[in-house]
Amino acid sequence: MSELEQNQTQYPPSAARLVEGLRDTGYVFTTSVADIVDNSVAADADQVSIKLDLVMGQHPVLMIADNGNGMNETELTNAMVYGSPKRPDPKSLGKFGMGLKTASTSFCRKLTVISRKDSVLSIKQWDLDVISQTDKWLLLDPDKEDYAEAIEFLDEITAGGSGSVVVWENVDRLMRTHTTGTMRKRIESICKDLDKHLSGVFYNFLEKDNGFPALTIKINDKIVEPWDPFCRWLNEGGTGRLQIHKQEPVEYTLEKNGQTETIGTFHVNVYILPNRHALTSEEIDKTRYSLDNQGFHIFREDRMIYSGGWPNKLLVKDPHLNLIRVELSFDHKLDDVFQIDIKKSRIDFPKTIQDLLDKIITPPRREAQKRYREGSRDANTSGFDKLGQQHEKSSNAINKHHAEATAQSQIGSTDRQAGTAQITNQFGVSNVRLQFNDSPTRVVQTSANLQDGVLWAPGLIEGNKHAVFINEAHEFYKRFYLANQDNSALILAMDSLLWSLAEAELCVYSDSVKRNLEEMRISVSRSLRTLAEELPEIDASENDNDTEDED
């Protein structure tokens, strides 16, 4: 006994309390299964089979089998311990000795693992109900005969050789329904989401002939096809459709005792996709073209740990960034630097790396935004032309009530070059900043851009007639107006709303509140830009087809 241990009392945590608490570590189903597949890859498996089904039509059961190295009873016991011994290979995808247990019990109350090595079958089980009742870490030895189906499932891919199968029973956190028909539909949806997740997480292992050990994953007998988030297949045959900005490897160094020490190396490459309208419908599906997949896709030891988005708020998800995808890959030496969590689904950049990444991605990001704008402008020309006709109809409707609606504010002298006018309303006389156009009739105007990126702004047309200017470049305009370009009633309703908001500003405008009014318009426009993400993107080909049909 060491000196430190003398006269010290241990205070082990309550098994019942801890095991229940670990159920809430933040796993979602897809990351839980990926964590278990990590163990299969670490065990040199090249076949993983996943089966999610209902037992007796009522109880969901999950089984994950592999043909890896397998474990003897001692090794299996060690693997089942929370905080299992550290693996000798630091590259191992199973990193913390917690994933199998926490990932599984996040969704089930009974976890059983069966493993075969050297023709000997071993079985161990955690039953959370038993732990809760006894408040003890009782690792059970269930009867193999009770798991004949799981052993048969294991034999299907091992032919009686080495391998392991993980079984989830008493699954209480996967479905909220208890109706058999609804549960079966839910299983179909869950398996579809799982397929999509694993296809990216293990892309490098699933892709054949790319220098990695071949891996095949099946979900309910369906093979998971690899998904390349960078869509390098777009350049097959030397087409050059995908822009690739390759970077030199980056060495991460630290100063220690006055000396510079290299901790590890990471790689960053940037890919710019073609515009949506330049892709076929099949290619759009294959690229998974959406807000969710723009930005970073990060790999640790070739396993994807982060898919889509901008860590550390480097940028905010925006449709103008849909064409850019950033590849960042590193090895286990930088685990502490990037602060990898148990779920291997979170990453945190140190400030030095964050600044460096911002510098690296800025030039290609600007190029991607430029390509997006040019493509959107070309694709939406016919839609904008049609909307011009709709805005003219709205203007005609608003003109019928224009005099009555604008009676509470009067425009005096104007300085069109400076973009200002004198306005008189119930709060006195003020100078207001406005948009101007010489159109004699259209009180609903569109603009290629408005200051501060707002969706709308008050303005004047010829004869100092009150008007509203709407920003064609705003994402809400593109998502809402272009999608409803043939719906005259809906366009009139939105045009009337924005015209009324612009007119309301003129009715209450004064020097004391002008900044508040401008900030309100900026804030609303910012919120609508974010909410526009929930509206469907416009398929340019559909717009073109509509135009052709009309011709």
Side-chain angles (χ1 to χ4, degrees), residues 1-36 38-39 42 52 55-56 58-64 71-87 94-115 121-151 164-176 178 340-346:
M1 180 180 294
S2 67
E3 182 179 345
L4 181 62
E5 294 175 306
Q6 291 179 6
N7 300 320
Q8 298 296 320
T9 302
Q10 293 193 57
Y11 296 95
S14 164
R17 292 288 302 278
L18 183 58
V19 79
E20 294 291 342
L22 288 174
R23 302 194 78 196
D24 299 314
T25 48
Y27 274 98
V28 296
F29 178 73
T30 52
T31 57
S32 293
V33 174
D35 233 5
I36 295 172
D38 283 343
N39 293 332
L52 177 61
V55 175
M56 301 178 67
Q58 294 182 341
H59 308 292
V61 171
L62 176 76
M63 295 189 292
I64 305 173
M71 295 172 281
N72 58 36
E73 184 162 357
T74 300
E75 292 169 333
L76 177 56
T77 299
N78 288 337
M80 291 291 277
V81 171
Y82 281 77
S84 54
K86 189 174 182 179
R87 291 181 177 171
K95 175 177 170 56
F96 295 98
M98 295 287 287
L100 168 64
K101 286 76 68 175
T102 55
S104 299
T105 59
S106 291
F107 293 91
C108 74
R109 297 194 63 82
K110 183 184 289 186
L111 165 65
T112 306
V113 180
I114 307 168
S115 192
L121 202 66
S122 303
I123 183 169
K124 295 292 178 182
Q125 181 183 89
W126 286 120
D127 188 330
L128 269 58
D129 291 332
V130 172
I131 295 174
S132 294
Q133 292 167 10
T134 63
D135 200 16
K136 294 180 180 179
W137 296 103
L138 297 180
L139 185 61
L140 306 179
D141 297 294
D143 193 330
K144 294 184 181 69
E145 293 182 0
D146 294 336
Y147 289 89
E149 184 179 350
I151 295 172
S164 302
V165 58
V166 175
V167 184
W168 291 6
E169 298 173 278
N170 294 352
V171 179
D172 61 339
R173 290 188 170 184
L174 188 58
M175 303 184 202
R176 296 185 181 277
H178 297 288
I340 306 303
D341 68 349
I342 290 176
K343 302 186 298 297
K344 295 185 286 289
S345 61
R346 178 191 63 83

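Here the structure is a predicted model, which is why all the values come from computation and not from measurement.
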*Could you give me the CA-CA distance, side-chain angles and deciding distance for V166 and N39, then say whether side chain to side chain contact (heavy atoms under 4.5 Å, CB included) is met?*
CA-CA 11 Å; V166 175; N39 293 332; over 6 Å; no
*asked:* Closer than 3.5 angstrom, by distance alone: can the side chain of Q133 be matched with the main-chain N or O of V130 as a donor-acceptor pair?
replied: no
*Roughly how far, to the nearest 0.5 Å, is the CG atom of L139 from the CH2 atom of W126?*
4.5 Å
*Would you name the heavy atoms of I114 and A150 that are closest together and state the gap between them?*
CD1-CB, 3.9 Å
*What pair of heavy atoms forms the shortest contact from L100 to L111, and how long is it?*
O-CD2, 4.0 Å
*asked:* What's the separation between atom CG in L138 and atom CD in Q125, rounded to the nearest 0.5 Å?
replied: 11.5 Å
*asked:* Please give me the minimum heavy-atom distance between W168 and S104, naming the atom from each residue.
replied: NE1-OG, 2.9 Å
*Spacing of S164 atom OG and I123 atom CD1 [to the nearest 0.5 Å]*: 11.5 Å
_Reported CG-to-OG1 distance for the pair D141 and T77, which is rounded to 0.5 angstrom_ = 7.5 Å
*asked:* Go through it in stages, so that I can follow the logic: the residues are L22 and K101, the test is side chain to side chain contact (heavy atoms under 4.5 Å, CB included), and I'd like the CA-CA distance, side-chain angles, deciding distance and then a yes or no.
replied: CA-CA 9 Å; L22 288 174; K101 286 76 68 175; over 6 Å; no
_Ignoring hydrogens, what is the shortest heavy-atom contact between T25 and S106? Give both atom names and the distance._
OG1-OG, 4.0 Å
*With sequence neighbours left out, what residues match R17 under side chain to side chain donor-acceptor pair (under 3.5 Å)?*
none
*asked:* Once rounded to the nearest 0.5 Å, what's the spacing between atom CD of E169 and atom OH of Y147?
replied: 3.5 Å
*Partner of K110 under side-chain contact (heavy atoms from CB on, under 4.5 Å), chosen from T105, V171, D127*: D127
*With a 3.5 Å cut-off and no angle check, do the side chains of E73 and S122 form a donor-acceptor pair?*
no
*R23 and L128: side chain to side chain contact (heavy atoms under 4.5 Å, CB included), yes or no, with the steps?*
CA-CA 10 Å; R23 302 194 78 196; L128 269 58; 3.6 Å; yes
_Aromatic plane relationship, W137 with Y82 - under 30° parallel, 30 to 60° tilted, over 60° perpendicular_ = tilted
*Only one of I36, V165, V113 clears side-chain contact (heavy atoms from CB on, under 4.5 Å) with I64; which?*
I36
_Test your reading of the model: is there a side-chain donor-acceptor pair from N170 to the backbone of C108, 3.5 Å cut-off?_
no
_Test side chain to side chain contact (heavy atoms under 4.5 Å, CB included) on L52 and L174; report intermediate values, then the result._
CA-CA 11 Å; L52 177 61; L174 188 58; 4.2 Å; yes
*What's the spacing between R109 CZ and D129 CG if we round to 0.5 Å?*
4.5 Å
